[in-house]
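Report on the following structure.
Since this is a predicted model, take the numbers as computed values, not measurements. Just so we're on the same page: letters track the sequence lines, and every chain starts at 1.
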Amino acid sequence: MNKQDNLEIMRHSASHVMAGAILSMFPGARFGIGPAIEDGFYYDFDLPRPLTPEDLPVIEANMKEIVGADLPFERREIGKSEAKQVFASQPYKLELLEEIPDDKVGVYRQGGFVDLCRGPHVGSTGDVKAFKLTSIAGAYWRGDEHNAMLQRIYGVAFNSQKELDEHLAQLEEAKKRDHRKLGKELEIFIFDDLVGPGLPLWLPRGGAMIEEIEKLAKEMEFKHGYVRVRTPHISKEDLFKQSGHLPYYAESMYPPMELEGVRYYLKPMNCPMHHRIFASKMRSYRDLPLRLAEYGACYRYEKSGELFGVMRTRSMIMNDSHIYCTEGQFEQEFTGVIFLYLEYFKIFGIKEYIMRLSTHHPSGLGKKYVDNQSLWLKTEDMVRKAMNDNNIPFHEVADEAAFYGPKIDVQIKSAVGREFTLATNQVDFAQSINCDLKFINKDGQEERPLIIHRAPLSTHERLIGFLLEHYAGAFPAWLAPVQVKIIPVSDRHNEHATKVAVALKGHAIRAEVDDRSERMNQKIRQAQLEKVPYMVVIGDKETADNSVSVRRRSGEQLPAQPLAAFIDGLTEEISNRR
RNA sequence: GCCCACAUAGCUCAGUCGGUAGAGCACAUUCUUGGUAAGAAUGGGGUCAUCGGUUCGAAUCCGAUUGUGGGCUCCA
């Protein structure tokens with residue numbers, strides 16, 4: 001048994017200790033489940049009153065007493081009928097019992113607390129080491145929103161106080177790069193009460209980043225044979241009826257607006273409109289693959305509790321494209337998209353991600369998923385083969401697919417630990433049928449195209465949220481909202497500093513002059529806090545010979561150089577996106 | 001949407017037992033004109049999220065609403 005397993009067992013035991021503490025405080029408590037999780041554990045309880053943060057230290061103190069008492073964890077195997085007696089007053093445990101196929105079940109006891117549990121556990125409560133209760137939260141019984149809401153207590157646990165302290169310090173550190181904090185501090189975006197929740201306003205600095213990202217996407221997509229289209233933000237209801245979205249998606253759509261007896265919806269995705277463009281004329285196999293690209297603004301009515309800064313919003317601008325291709329072209333197109341991801345990730349230095357193949361689950365056919373199992377199996381195999389043939393690592397998760405087909409999602413974690421899908425690459429075998437899309441094949445016969453939905457650069461919202469955390473706000477020069485801060489040493493240098501700014505802007509470099517009557521040190525400090533990649537100090541010397549004294553964000557100071565040389569160097573750095 | 005918590009100046013936050021508000025930063029003005037991470041003084045700025053209730057009196061207690069946060073559910 002390795003160290004990791006031991007730690008997991010200890011965390012699981014910590015959850016039992018916590019349950020024991022809860023039982024002593026609330027004798028009528030009903031217990032859900034209490035597993036070990038990454039860094040710690042949780043336990044779900046059904047209690048006579050809501051817990052508040054003030055309860056946590058009390059529960060913790062109680063747990064420490066149980067740990068101090070060093071009570072043994074006693075395991076017993078008992079028959080199911082006996083177990084039903086033991087847990088007669090524990091409805092959640094009885095529900096779990098019903099689903100265990102074996103005749104015998106394991107129960108663990110420490111002190112007065114008995115739990116239905118497969119184990120294993122540490123020897124005694126004294127083996128539970130450094131822990132801290134971190135938060136209380138609501139959680140549906142068995143994760144189903146139709147079930148009762150239980151109270152969950154989260155805790156972290158480690159083998160030593162030192163490791164625990166390090167972990168807590170790390171969490172504090174991570175909070176500093178939370179995109180919500182940085183987005184406000186660096187003036188990238190805001191949310192305004194009058195505009196509405198989940199509807200970000202991009203400030204000029206965020207706007208500059210969006211321009212750069214779109215420029216990148218347009219270059220890459222042009223290079224890879226995409227053509228750009230533009231589509232409206234709203235359409236008639238009929239469009240979404242035809243595409244098949246309405247029954248699956250209506251809940252996440254802003255309610256329709258009705259004009260002259262016609263219902264219109266804000267679009268939650270761009271595909272149906274792109275499909276209309278595909279269908280706008282007779283297509284030949286010679287036209288395929290057809291790759292339609294657009295930065296499309298979509299609106300989704302996400303439930304209020306699901307919003308999360310700019311990572312999860314109600315309005316979003318998607319790096320969208322739909323690739324219409326033949327079955328024979330599929331693998332090349334699909335892997336082409338994956339390679340496009342990798343090209344982007346290299347530019348951004350993104351290394352910590354997981355590619356996830358999301359497949360259907362037979363139980364959802366006709367409900368969550370289009371009811372055509374043979375096409376599901378076939379396209380899932382196509383994706384697996386495309387990934388394997390190109391040696392691209394991925395892991396597979398059932399029951400996570402889109403309603404129209406399997407997909408490869410790129411999963412990333414936010415600074416505060418929440419997981420998100422950044423990019424997505426989806427197969428769609430359903431909409432070409434729903435939308436009656438066809439092309440004429442070599443034999444002169446009508447055939448359905450396969451569709452690939454892809455968004456390697458996610459949405460502007462989620463990508464910029466991610467990049468804020470990824471770079472901790474210190475963007476590379478090409479992406480930085482302000483690339484150069486020009487710092488006059490004293491007011492008499494403002495005039496020349498402005499000339500330098502004009503020269504930089506003439507070369508499409510985003511430069512700002514800090515012409516406040518402040519000391520140079522203060523201006524440098526300000527530029528550092530704004531995480532501007534280059535600071536250019538202008539004093540007597542520089543004014544006299546049109547040179548620049550350059551300081552990097554790292555604090556490194558470059559030797560004095562002619563303004564023209566600085567412009568050349570920076571232009572090169574920016575155009576290569578280094 | 002659900003459970004819990006929170007909401008005080010543009011930002012970050014104090015505000016004790018209920019007696020009509022304070023700091024730092026930012027902003028404005030003045031002085032200072034400086035060489036690689038904070039020069040100084042003065043000043044303006046708040047219906048204490050909103051609405052209602054309790055009270056002689058509410059930033060403070062209670063309720064509702066809105067927003068935010070931690071989760072659950074759900075997702076680019």
Side-chain angles (χ1 to χ4, degrees), chain A residues 42 44 47 50-55 134-154 178 180-181 184-185 187 190-194 196-198 249 251-252 268-269 296 298 300-314 316-320 400 402 407 409-410 412 416-424 426 453-463 465-466 487-494 516-529 535-542 549-553 555-558 560:
Chain A
Y42 70 77
D44 290 343
L47 302 175
L51 293 169
T52 69
E54 291 82 67
D55 289 316
T134 50
S135 63
I136 52 176
Y140 298 110
W141 167 237
R142 316 207 79 178
D144 185 331
E145 61 183 324
H146 305 293
N147 287 343
M149 177 66 70
L150 305 180
Q151 300 194 68
R152 175 173 298 178
I153 303 177
Y154 282 96
D178 188 321
R180 292 167 297 186
K181 179 177 152 68
K184 191 188 278 184
E185 283 174 2
E187 299 187 5
I190 54 159
F191 289 93
D192 186 287
D193 282 357
L194 288 178
Y249 223 87
E251 231 180 70
S252 305
M269 66 276 296
C298 297
R300 298 180 184 175
Y301 197 82
E302 307 288 1
K303 292 178 190 170
S304 56
E306 291 165 351
L307 302 174
F308 179 66
V310 93
M311 298 279 241
R312 187 78 181 277
T313 54
R314 285 179 174 164
M316 68 210 81
I317 306 165
M318 295 180 66
N319 171 230
D320 212 354
E400 289 285 340
K407 57 179 179 170
D409 286 332
V410 177
I412 52 104
V416 292
R418 262 196 243 184
E419 191 176 297
F420 286 94
T421 300
L422 186 67
T424 188
Q426 314 182 340
H453 304 240
R454 43 111 279 183
L457 290 182
S458 193
T459 61
H460 283 322
E461 289 72 18
R462 189 166 288 179
L463 182 69
F466 171 78
I487 298 174
V489 172
S490 77
D491 287 352
R492 70 173 179 279
H493 305 113
N494 282 355
R516 295 173 302 158
S517 292
E518 287 290 349
R519 294 181 59 212
M520 185 200 62
N521 281 348
Q522 157 69 356
K523 297 179 192 177
I524 287 177
R525 175 180 155 78
Q526 191 56 39
Q528 287 286 156
L529 293 176
M535 286 153 255
V536 164
V537 174
I538 299 294
D540 288 335
K541 203 151 57 72
E542 292 77 8
S549 166
V550 181
R551 175 192 163 104
R552 285 186 198 272
R553 181 170 50 199
E556 181 194 356
Q557 206 176 320
L558 304 181

- Task: Determine: side-chain N/O of A/S490 to OP1/OP2 of B/G34, distance under 4.0 Å, yes or no.
- Result: no
- Is the shortest side-chain N to carboxylate O distance from A/R454 to A/D320 below 4.0 Å? no
- Atom NZ of A/K541 and atom C1' of B/G34 are separated, to the nearest Å, by 16 Å
- Message: If you go through the side-chain atoms of A/D193, does one of them form a donor-acceptor pair with the base of B/U66 closer than 3.5 Å?
- Response: no
- Message: Over all strands shown, is A/D320 touching base, sugar-phosphate only, or nothing at heavy-atom distances under 4.0 angstrom?
- Response: nothing
- Message: Using OP1 and OP2 only, check whether a side-chain N or O of A/R492 sits under 4.0 Å from B/G34.
- Response: yes
- Task: Using a heavy-atom cut-off of under 4.0 Å over every strand shown, decide if A/G305 touches base, sugar-phosphate, or nothing.
- Result: base
- Distance in angstrom units between A/Y301 OH and B/C74 P, rounded: 19 Å
- Is A/R418 near enough to B/G71 that one of its side-chain N or O atoms lies under 4.0 angstrom from OP1 or OP2? yes
- Please check if the side chain of A/R462 supplies one atom and the backbone of A/T421 the other of a donor-acceptor pair under 3.5 Å. yes
- Distance test, side-chain N/O of A/Q522 to OP1/OP2 of B/A26, below 4.0 Å: yes
- Message: Taking A/P268's backbone N and O only, do any of them form a donor-acceptor pair with A/R300's side chain (distance below 3.5 Å, no angle check)?
- Response: yes
- Could you write out RNA chain B as a dot-bracket string, with dots for unpaired bases, | for bases paired across to another strand, and Watson-Crick or G-U pairs counted at under 3.5 Å? (((((((..((((.....[..)))).(((((.......))))).....(((((..]....))))))))))))....
- Query: Along nucleotides 6-11 of chain B, 5' to 3', which nucleotides get a B, which get an S, and which get a -, given that the test is a protein heavy-atom distance under 4.0 Å?
  - Reply: -----S
- Note: for A/D409 and A/M149 on RNA chain B, the residue whose nearest nucleotide lies more 5' is A/M149
- Query: B/C74 P sits how many Å from A/N147 CG, rounded?
  - Reply: 12 Å
- Would you kindly give the CD-to-C1' distance between A/E461 and B/C75, to the nearest whole Å? 14 Å
- Measure from the side-chain N and O atoms of A/K407 to the backbone N and O of A/T424, and report whether any donor-acceptor pair falls under 3.5 Å. no
- Item | Between B/A76 (P) and A/H453 (NE2): distance, integer Å | 11 Å
- Query: Looking for any heavy atom pair under 4.0 Å, which part of the strands does A/S135 touch: base, sugar-phosphate only, or nothing?
  - Reply: sugar-phosphate
- Ignoring hydrogens and angles, answer whether the base of B/A76 and the side-chain atoms of A/S458 contain a donor-acceptor pair closer than 3.5 Å. no
- Under 4.0 angstrom, heavy atoms only, what part of the nucleic acid is A/E518 near: base, sugar-phosphate, or nothing? base
- Query: Does a side-chain N-to-carboxylate-O contact under 4.0 Å join A/R525 and A/E518?
  - Reply: no
- Position toward the 5' end of RNA chain B (nearest nucleotide), A/L150 or A/F191: A/L150
- Query: How is A/L422 classified with respect to the nucleic acid when contacts are heavy atoms under 4.0 Å: base, sugar-phosphate, or nothing?
  - Reply: sugar-phosphate
- Can you tell me if the side-chain N/O atoms of A/R551 get under 4.0 Å from OP1 or OP2 in B/A37? yes
- Item | A/Q528 side chain to A/R553 backbone, donor-acceptor under 3.5 Å | yes
- Query: Counting any heavy atom closer than 4.0 Å, what does A/E542 reach on the DNA or RNA strands: base, sugar-phosphate only, or nothing?
  - Reply: base
- Message: Distance check needed: B/C3 P versus A/Q151 CD, whole Å only.
- Response: 11 Å
- At their closest point, which heavy atom of A/D55 faces which heavy atom of A/L51, and how far apart are they? OD2-CA, 3.3 Å
- Please check the phosphate of B/A38 (OP1 and OP2 only) for any side-chain N or O of A/K523 closer than 4.0 Å. no
- Message: So A/M316, base contact, sugar-phosphate only, or nothing? Heavy-atom distance under 4.0 Å.
- Response: base
- Query: Which atoms form the tightest heavy-atom contact between A/E542 and A/G539, and what is the distance?
  - Reply: OE1-N, 2.9 Å
- Is there a side-chain polar atom (N or O) of A/R180 under 4.0 Å from OP1 or OP2 of B/G69? yes
- Task: Scan A/K181 against the nucleic acid and name what it touches under 4.0 Å (heavy atoms): base, sugar-phosphate only, or nothing.
- Result: nothing
- Query: Can you tell me if A/Q522 uses its side chain to pair, donor with acceptor, with the backbone of A/R519 under 3.5 Å?
  - Reply: no
- Query: Across the strands shown, which category fits A/S517 at heavy-atom distances under 4.0 angstrom: base, sugar-phosphate, nothing?
  - Reply: base
- Return yes if the base of B/G71 and the side-chain atoms of A/Y140 contain a donor-acceptor N/O pair under 3.5 Å, otherwise no. no
- Query: Checking A/R314 against A/Y301: charged group under 6.0 Å from the ring centre and within 45 degrees of the axis?
  - Reply: yes
- Query: With rounding to whole Å, what would you report as the distance between B/A7 and B/A49 at their P atoms?
  - Reply: 8 Å
- With A/T459, the side-chain contact (heavy atoms from CB on, under 4.5 Å) member among A/R312, A/M318, A/M311: A/M318
- Query: Can a donor-acceptor pair under 3.5 Å be found between the side-chain atoms of A/R462 and the base atoms of B/C75?
  - Reply: yes
- Task: Kindly say whether, by distance alone, the side chain of A/R312 makes a donor-acceptor pair under 3.5 Å with the base of B/C74?
- Result: yes
- Query: Quick one: do A/R180 and A/D178 make a salt bridge, cutoff under 4.0 Å?
  - Reply: yes
- Could you tell me whether the phosphate oxygens of B/C72, OP1 or OP2, come under 4.0 Å of any side-chain nitrogen or oxygen in A/Y154? yes
- Task: Determine: side-chain N/O of A/R519 to OP1/OP2 of B/G39, distance under 4.0 Å, yes or no.
- Result: yes
- Contact class for A/T313 (heavy atom, under 4.0 Å): base, sugar-phosphate, or nothing? base
